[in-house]
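Values below: all heavy atoms of this structure, side chains included; hydrogens, waters and symmetry mates excluded. Just so we're on the same page: letters track the sequence lines, and every chain starts at 1.
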Number of protein chains: 2
Amino acid sequence: MLTEERKTFLLDTLAIDGRIEAKAVAKELGLSDDTIRRDLRELAAAGKLQRVHGGALPTSPADADLNARKAIASKSKQEIGKTAASLIKPGQVVIIDGGTTALELTKNIPKNQENTVITHSPTVAVALAAHVKTKVIMIGGTLFRHSMVNVGAATVEAASRIRADFFFMGVTGVDINAGLSTGDMEEAHIKRALSQRAAETVVMASSEKIGVASTYVVMPLEQASGIVLGQNTPMQLRKDIKKLGLEVFVKKHNDGA
Amino acid sequence: MLTEERKTFLLDTLAIDGRIEAKAVAKELGLSDDTIRRDLRELAAAGKLQRVHGGALPTSPADADLNARKAIASKSKQEIGKTAASLIKPGQVVIIDGGTTALELTKNIPKNQENTVITHSPTVAVALAAHVKTKVIMIGGTLFRHSMVNVGAATVEAASRIRADFFFMGVTGVDINAGLSTGDMEEAHIKRALSQRAAETVVMASSEKIGVASTYVVMPLEQASGIVLGQNTPMQLRKDIKKLGLEVFVKKHNDGA
DNA sequence: CACGATATTGCACGTTTATGCATGTTTTAA
DNA sequence: TTAAAACATGCATAAACGTGCAATATCGTG
């Protein structure tokens, strides 16, 4: 692990936990306490954190909680996005949904990998601007701001003309009984339509979506072929989902910070 | 392996892994550490990555902000965008083209004004995310990266189903004789199609486009109903264009920076 | 083809940086 | 007050670094 990486790791840890215990981190990383103390000293000098006896705290304790929650949420989504992106093989045609998790997936598609991405989200399309080897097909429609995706009859019609290997679907609710659900009827309709156009539908579900049912049902859970979950998803739930016939994808090992 | 190939490989590795360890890469490629270090040094000098002890990391988000600031449109384009936006009256339906000038126009549409915007550019759609009172209709197609617009048969077909008051068109060449032109055939086709769907077509032409003819002609100049020009456009040219029957719009007075 | 100019690469050498340990000091909590 | 933990500092070692140089390959030109 590079020195700078370690410093970033320390700041991340601080953002997530709201605190750093020098000795604990040293043991976790297999380094001497001195090294961690030195890092903390330098980060404190740079104003990135507040040094205290035994470790470090955020500079502004007031926002610590809010930031911590935000960081956790985004960390989890990043993790899921990365795992989902690893499922995409060169040459495949994939449909990518809108939403923040899908956007993370998009960012994690290797830049030198040739793929075709179909999306009804302008945000996803813009994120793919730098992926020169990726062919991007956009599905038009009426922009639904909340999730920045196109919806409506035109979207459904355009969707009916395509065919893909994967559909990476984002939802706001994943429940064994209630199935996959979302908060907008038009969106639910589009998700259903896109799912029918792909050989396999993979759901991306960050932890806060699990066991939740939103107003509009997209389809039963077993109609999906796979699901990407966060590492913090309970084992029992993973087993339950597997029983329904879905392949469960979870980040395998620590890839570092 | 060629040197440039190796540099691309390094950037790709960085994009995929988010980190580069100099020694590890050197071993992987069967080269000396020195060579890799030299590459990393040069790439860092070019701003492509951030050099750290032991390897390299992606350019920090702080630098990304700097790049974003660099990308701001020229004064002239801002001015034209503002003038063009002032032509849009509440309630009107307007088609907005892709490109930087069109993006400036988009940003200058009043946030509290109710309009319908039709666009085939995901960038424009994203820029309108905060305009809650604006209804956005996206036209899909195959993404043409250079100008970040959708093109192709699907785009033309979808365009045929709409109707608008204005089409704000961006071009790369405006010449009295050669007419309106652009550098891509597909794009020219789309511009022509969109122009036919609007009651009035207004061309946006920053100074460097004037008197220039690009490869693919969109349509003769007199087929447009108006043109927005920069303040630095010669008076003679303005008169010539007016003679063709076009309304000429120029920023009226100093609105301050 | 011949020639010099230029670029690339690995090696040698001295310098800088990172890290862990020893030592003495400060802080914390009982 | 006192002992343990945490700390800062100096030092030694090893890794990573930059620079200059020589060997080699590539390019451009005549």
Please find the pair of heavy atoms, one from A:Ala205 and one from A:Ile210, that lie closest to each other, and give the distance.
CB-CD1, 3.9 Å

Measure the distance from CZ on A:Arg51 to C1' on D:dC7 and round it to the nearest whole Å.
8 Å

Rounded distance (Å) that lies between atom P of D:dA25 and atom CG of B:Leu2
15 Å

For B:Gly140, does its backbone N or O pair with a side-chain atom of B:Thr155 as donor and acceptor, under 3.5 Å?
yes

Starting from C1' on D:dG18, measure out to CG on B:Leu40 and report it in whole angstrom.
14 Å

Counting primed atoms plus P, OP1 and OP2 as sugar-phosphate and everything else as base, spell out the protein contacts along nucleotides 24-30 of chain C at 4.0 Å heavy-atom distance: B, S or - for each nucleotide, 5' to 3'.
---SS--

Could you check which residues of residues 19-26 of chain A get a heavy atom under 4.0 Å from DNA chain C? Sort them by number, please.
none

Close residues, residues 27-35 of chain B, relative to DNA chain D [heavy-atom separation under 4.0 Å]:
B:Asp34

Quick check: does any side chain N or O of A:Thr13 sit under 3.5 Å from a backbone N or O of A:Phe9, one acting as donor and the other as acceptor?
yes

Whole-Å distance separating the CG atom of A:Asp39 from the P atom of D:dC7:
13 Å

Whole angstrom is fine here: how far is it from CG in A:Leu10 over to P in C:dA18?
14 Å

Verify the contact: side-chain N or O of A:Arg41 to OP1 or OP2 of D:dA8, cut-off strictly under 4.0 Å; return yes or no.
yes

Is there a salt bridge (Lys or Arg N to Asp or Glu O under 4.0 Å) between B:Glu42 and B:Arg38? Walk through the geometry before answering.
CA-CA 6 Å; B:Glu42 286 164 16; B:Arg38 237 183 300 244; over 6 Å; no

Is a side-chain donor or acceptor of A:Ser121 paired with a backbone partner of A:Met148 at a separation under 3.5 angstrom?
yes

Given atom CD1 of B:Ile36 and atom P of D:dG18, what is their separation to the nearest angstrom?
13 Å

Check each of A:Ile96, A:Val174, A:Leu105, A:Ile227 against A:Met204 using the side-chain contact (heavy atoms from CB on, under 4.5 Å) test, and report the only one that passes.
A:Leu105

Using modelled atom types and a 3.5 Å cut-off, is there a donor and acceptor pairing between side-chain atoms of B:Asp97 and backbone atoms of B:Ala102?
no

Roughly how many Å is it from CE in A:Met1 to C1' in D:dA15, rounded to a whole number?
18 Å

For the backbone of A:Thr233 and the side chain of A:Arg238, can you confirm whether one donor and one acceptor N or O come within less than 3.5 Å of each other?
yes

Would you state whether a donor and an acceptor, one from the side chain of A:Arg37 and one from the base of C:dG20, lie under 3.5 Å apart?
no

5' precedence on DNA chain C between A:Thr3 and B:Glu42 (nearest-nucleotide basis):
B:Glu42

How many Å lie between CZ on B:Arg38 and C1' on D:dA16, as a whole number?
15 Å

Scan B:Thr172, B:Val217, B:Val171, B:Asp175 and name whichever one has a side-chain contact (heavy atoms from CB on, under 4.5 Å) with B:Leu180.
B:Val171

Minimum heavy-atom separation for A:Gly91 and A:Asn115, please, with both atom names.
N-ND2, 3.5 Å

Less than 4.0 Å between a side-chain N and a carboxylate O, is that true for A:Glu79 and A:Lys82?
no

